[in-house]
Amino acid sequence: MKAFQYVRSTTAKSAIEALAKDPSAMFLAGGTNLVDLMKRGVTEPDKLIDISRLPYTKIEKESSGVRIGAMALNSQVADDKLIQEKWPLLSLALNAGASAQLRNKATVGGNMLQRTRCGYFYDTEMDCNKRQPGSGCGAKEGYNRMHAIFGTSEHCIAVHPSDMCIALAALDATVIVQGPKGERKIPFADFHRLPGDHPEKDNTLEKGELITAVTLPDSPYAKNVHYLKVRDRTSYAFALVSVAAALELDGKTIKSARLAMGGVAHKPWRLLEAEKALVGQTVSEATFQKAAEVAMTGAKGYEYNSFKLKLAPNSIVEALKIAAGLTA
Ligand code: SF4
């Protein structure tokens with residue numbers, strides 16, 4: 001691993017100033033992804049600014065929602081009584097991610113910034129536009145079983161790896177950031193980006209900005225929710241496809257719905273048209289199948305991941321059936 005300097009900041013102001021002084025520096029929180037990237041030579045910062053002691057660990061009820069500090073641990077959020085009661089979809093998604101040990105170390109802010117697990121990105125001998133812009137994409141014609149079926153570009157077909165973020169996308173979260181120009185609020189849908197011509201950019205954070213919190217609005221989705229994660233083994237594996245599903249029901253009628261998918265795109269993939277297709281309909285497998293058909297508009301498979309074109313709609317139907325109580 002390349003040698004690096006280590007400094008610790010205990011205020012957002014000092015962390016932001018330290019980064020402004022040294023543009024090649026990076027923030028370190030739980031380090032559960034960044035340290036792996038450094039060991040493999042994928043990311044080689046000259047300096048790490050440890051922000052894990054910043055006072056952003058609280059989960060606080062606000063007048064119209066909840067504010068989750070960016071340094072709150074994934075396990076802390078998943079186990080929080082308020083989150084479990086009012087936003088159980090987030091708790092389910094968090095507990096589907098990684099392992100207990102990693103959830104005890106990884107922070108909310110770090111989870112949002114984790115990088116794709118595309119094997120070509122981690123292998124510094126391979127072409128990868130995300131790691132080295134302009135070098136090519138090894139996955140496009142290579143082994144692309146884990147890769148995206150929505151929103152790809154000719155430059156990158158990687159997927160976003162987080163489970164937590166799929167629930168945050170479904171629940172209309174807002175990301176609060178502090179930077180050299182002050183505080184900024186970013187709607188969650190605008191935080192992560194599609195690869196386009198710049199797959200090296202995963203998100204819309206500006207230079208020197210630090211995530212301080214995520215907020216969730218009050219939600220009617222406290223009961224009929226499910227996070228379905230389909231993966232190669234039942235623990236410590238990234239999603240082939242995941243679905244965050246939430247329904248607001250009036251008897252058997254769907255008043256409103258939230259749906260997002262993971263493992264299918266470069267960002268959490270919100271299914272707005274499928275949500276609209278569910279509203280006003282009666283809960284049934286046929287209703288959910290129609291919504292899943294709508295959700296798959298524009299999907300495109302590659303040589304090894306075309307199975308996702310069937311797996312994804314089947315997963316949507318299954319997640320909705322479980323959320324609605326049609327199946328256990
Ligand atoms: Fe790199 Fe993206 Fe291609 Fe993977 S899919 S090799 S991350 S450019």
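Each ligand, and each atom within it, is numbered from 1 in the order the structure gives.
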* **Residues Asp123, Arg40; criterion salt bridge (Lys or Arg N to Asp or Glu O under 4.0 Å); working and verdict** => CA-CA 8 Å; Asp123 186 338; Arg40 291 175 181 233; over 6 Å; no

* Does ligand 1 have any atom that is closer than 4.0 Å to a heavy atom of Pro199? -> no

Check ligand 1 against [X] and write out every atom of the ligand that is under 4.0 Å from a heavy-atom position of the residue.
X: Ala139; result: 5 (S), 6 (S)
X: Gly138; result: 6 (S)
X: Asn129; result: 1 (Fe), 8 (S)
X: Cys137; result: 3 (Fe), 5 (S), 6 (S), 8 (S)
X: Tyr120; result: 6 (S)
X: His155; result: 8 (S)

Is it true that [X] and [Y] make a salt bridge, defined as a side-chain N closer than 4.0 Å to a carboxylate O?
X: Lys2; Y: Asp46; value: yes
X: Lys13; Y: Glu17; value: yes
X: Glu293; Y: Lys290; value: no
X: Asp218; Y: Lys86; value: no
X: Asp163; Y: Lys229; value: yes

* Closer than 2.8 Å to atom 2 (Fe) of ligand 1, do we get an N, O or S atom from Cys156, backbone or side chain? -> yes

* To do: For atom 4 (Fe) of ligand 1, decide whether Cys118 has an N, O or S atom at a distance under 2.8 Å.
  => yes

* Asked: Is the closest side-chain donor-acceptor distance between Glu248 and Ser256 under 3.5 Å?
  -> yes

* Check whether any N, O or S atom of Cys128, backbone or side chain, sits closer than 2.8 Å to atom 1 (Fe) of ligand 1. => yes

